[in-house]
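Structure, as structure tokens:
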Amino acid sequence: MYEITVLPMPSDFEGDVVATLIARRAASSRRAVLYLHGFTDYFFQDHLAEHYVTQGIDFYALDLRKYGRSLLPHQTRGLVRSITDYFPEIDEAVRIIRRDHDELTVNAHSTGGLIAGLWADRVRGRGLVQGLVLNSPFFDLNVPAPLRLAADVLKTPLSYARRALPLGSSTAYGQSLHRSEQGEWDYDLELKPLGGFSVHGMWLAAIRRAQRRLHAGLGVDVPVLVLASATGLRVRDFVPEAQSADIVLDPRQISRWATCLGPHVTCVRIADGVHDLVLSAEPVRKQVFAEIDRWMSAYVRREHDQAAYQGNENRP
């Protein structure tokens, strides 16, 4: 059902690096989606792949370096010096996908949404991607303003020590998702622990640099759909309300910064959605898929068809 390709990458400060491209094909499709996961995550959402494949769209997912299928024994989970460290594996995945496809949409979640926005800004004007679908993208830290300012101190050289920050952890989100606790989803708790990964100063400094770059304004030149929950909730212990709100990020921040991506952004708030909106309760995720389908029909297909028409018109 799935094809898996290991993508060797240049070594980094910890040694050997790989990424992993997972593919599930529709029948004879020239359209494709590339999925990028978030922090403390990897691709396991089979129902997401199934949705796109039933729409006649080839589905690809990238387990980024130091996550999921790409994590090597010597590596620190999720640790990078810069968001741009992920660009080589995205570039290679897109190169592979575009050999056989005329249309590509990048569908990214949380930290993956931040990465996708900066990557798309870097490759603007090259026609590599026709649209972005960002599911609860990590556009800001969900902490009080003084703590956000404190996090920005991590841009100093002292922040680059490769040690975990003493922030503590919460299992509330994991408990709300995994079927061994209060949720309905089955995934590998070694690859996606209930309490998440440790946060390192180097990683947080990289995130804040990327967020400041976004806040200053990007120039993504393709249509973007930003999806966020209608409700945010800040809790450390599981409560039933955690299954109908984003308890990781603040949806108001996501909406605020969405238009910094570029000139063509649609923002949709989803009632009762959780942080990973496609892991929400079934009626909610059906709405999420309906919003994605409607937007792709209205913008990605139209943009692609217009570009193809203009290309044909310009031929001698």
Side-chain angles (χ1 to χ4, degrees), residues 1-9 18-38 41-65 67-71 86-109 112-113 115-116 119-120 123 126-135 185-188 191-192 222-225 227 276-279 282 285-286 288-305 307-308 311:
M1 183 179 294
Y2 287 101
E3 305 166 21
I4 295 179
T5 304
V6 176
L7 308 178
M9 293 286 114
V18 300
T20 307
L21 185 64
I22 303 105
R24 184 172 174 189
R25 310 267 186 158
S28 303
S29 179
R30 301 292 295 179
R31 305 173 65 197
V33 163
L34 173 62
Y35 176 75
L36 303 179
H37 59 78
D41 213 350
Y42 72 106
F43 170 68
F44 64 89
Q45 299 88 340
D46 290 339
H47 66 295
L48 178 64
E50 177 68 19
H51 176 78
Y52 282 116
V53 168
T54 58
Q55 304 295 313
I57 302 171
D58 284 348
F59 178 84
Y60 295 81
L62 191 60
D63 275 9
L64 298 165
R65 62 183 63 201
Y67 289 98
R69 301 164 184 85
S70 305
L71 181 65
Y86 298 115
F87 289 178
E89 55 247 49
I90 300 173
D91 289 343
E92 179 61 9
V94 170
R95 185 190 69 79
I96 292 170
I97 294 167
R98 289 307 302 257
R99 289 186 308 202
D100 302 317
H101 299 86
D102 302 319
E103 174 192 306
L104 173 63
T105 300
V106 174
N107 183 172
H109 168 57
I115 296 166
W119 175 84
V123 301
R126 294 168 56 184
L128 295 177
V129 61
Q130 280 64 56
L132 301 182
V133 175
L134 307 184
N135 166 4
W185 304 103
D186 187 24
Y187 51 82
D188 189 332
L191 301 180
K192 184 178 173 65
V222 297
V224 183
L225 173 63
L227 297 158
D276 188 342
L277 290 161
V278 303
L279 302 183
E282 184 176 11
R285 62 181 181 262
K286 283 184 176 179
V288 172
F289 288 142
E291 295 287 354
I292 293 173
D293 293 346
R294 179 163 49 246
W295 179 86
M296 288 183 70
S297 295
Y299 294 114
V300 177
R301 289 298 296 164
R302 185 177 69 182
E303 293 281 333
H304 177 260
D305 291 345

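The figures that follow rest on heavy atoms only: side chains count, while hydrogens, waters and symmetry mates do not. All residue numbers in this chain count up from 1 along the given sequence.
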**Request:** Go through the side-chain N and O atoms of Arg25 and Tyr60 and say whether any donor and acceptor fall under 3.5 Å apart.
**Result:** yes
**Side-chain donor-acceptor pair present, Asn135, Asp276, cut-off under 3.5 Å** = yes
What is the minimum heavy-atom distance between [X] and [Y], and which atoms define it?
{"X": "Leu132", "Y": "Ala116", "answer": "CD1-O, 4.2 Å"}
{"X": "His101", "Y": "Ser29", "answer": "CD2-O, 3.6 Å"}
{"X": "His47", "Y": "Val278", "answer": "NE2-O, 2.7 Å"}
{"X": "Glu103", "Y": "Gln130", "answer": "CA-OE1, 3.3 Å"}
{"X": "Ala19", "Y": "Arg65", "answer": "CB-N, 4.4 Å"}
{"X": "Val129", "Y": "Val222", "answer": "O-CG1, 3.2 Å"}

Find the distance between [atom1] ([X]) and [atom2] ([Y]) and round it off to the nearest 0.5 Å.
{"X": "Tyr52", "Y": "Arg24", "atom1": "OH", "atom2": "CZ", "value": "14.0 Å"}
{"X": "Leu71", "Y": "Asp63", "atom1": "CG", "atom2": "CG", "value": "10.0 Å"}
{"X": "Lys286", "Y": "Glu291", "atom1": "NZ", "atom2": "CD", "value": "15.0 Å"}
{"X": "Asp293", "Y": "His51", "atom1": "CG", "atom2": "NE2", "value": "3.5 Å"}
{"X": "Tyr187", "Y": "Gln45", "atom1": "OH", "atom2": "CD", "value": "10.0 Å"}
{"X": "Asn107", "Y": "Thr105", "atom1": "CG", "atom2": "OG1", "value": "8.5 Å"}

Any side-chain heavy-atom pair from [X] and [Y] closer than 4.5 angstrom?
{"X": "Leu48", "Y": "Val33", "answer": "no"}
{"X": "Glu50", "Y": "Thr54", "answer": "yes"}
{"X": "Arg95", "Y": "Glu92", "answer": "yes"}
{"X": "Ile57", "Y": "Met296", "answer": "yes"}
{"X": "Trp119", "Y": "Leu36", "answer": "no"}
{"X": "Leu104", "Y": "Leu128", "answer": "no"}
{"X": "Ile90", "Y": "Val106", "answer": "no"}
{"X": "Tyr35", "Y": "His109", "answer": "yes"}

**Message:** As a quick check of understanding, evaluate side chain to side chain contact (heavy atoms under 4.5 Å, CB included) for Ile96 and Leu7, giving each step before the final call.
**Reply:** CA-CA 11 Å; Ile96 292 170; Leu7 308 178; 3.8 Å; yes
**Prompt:** Among all residues two or more places apart in sequence or in another chain, which pass the ring-ring contact (aromatic ring centres under 6.0 Å, His included) test with Tyr42?
**Reply:** Phe44
**Message:** For Asp58, give me all partners under salt bridge (charged side-chain N to carboxylate O under 4.0 Å, His left out), at least two apart in sequence or on another chain.
**Reply:** none
**Parallel, tilted or perpendicular, as decided by the 30° and 60° cut-offs, for the rings of Tyr2 and Phe43** = perpendicular
**Item:** Steps toward side chain to side chain contact (heavy atoms under 4.5 Å, CB included) verdict (Tyr67, Leu191)
**Value:** CA-CA 7 Å; Tyr67 289 98; Leu191 301 180; over 6 Å; no
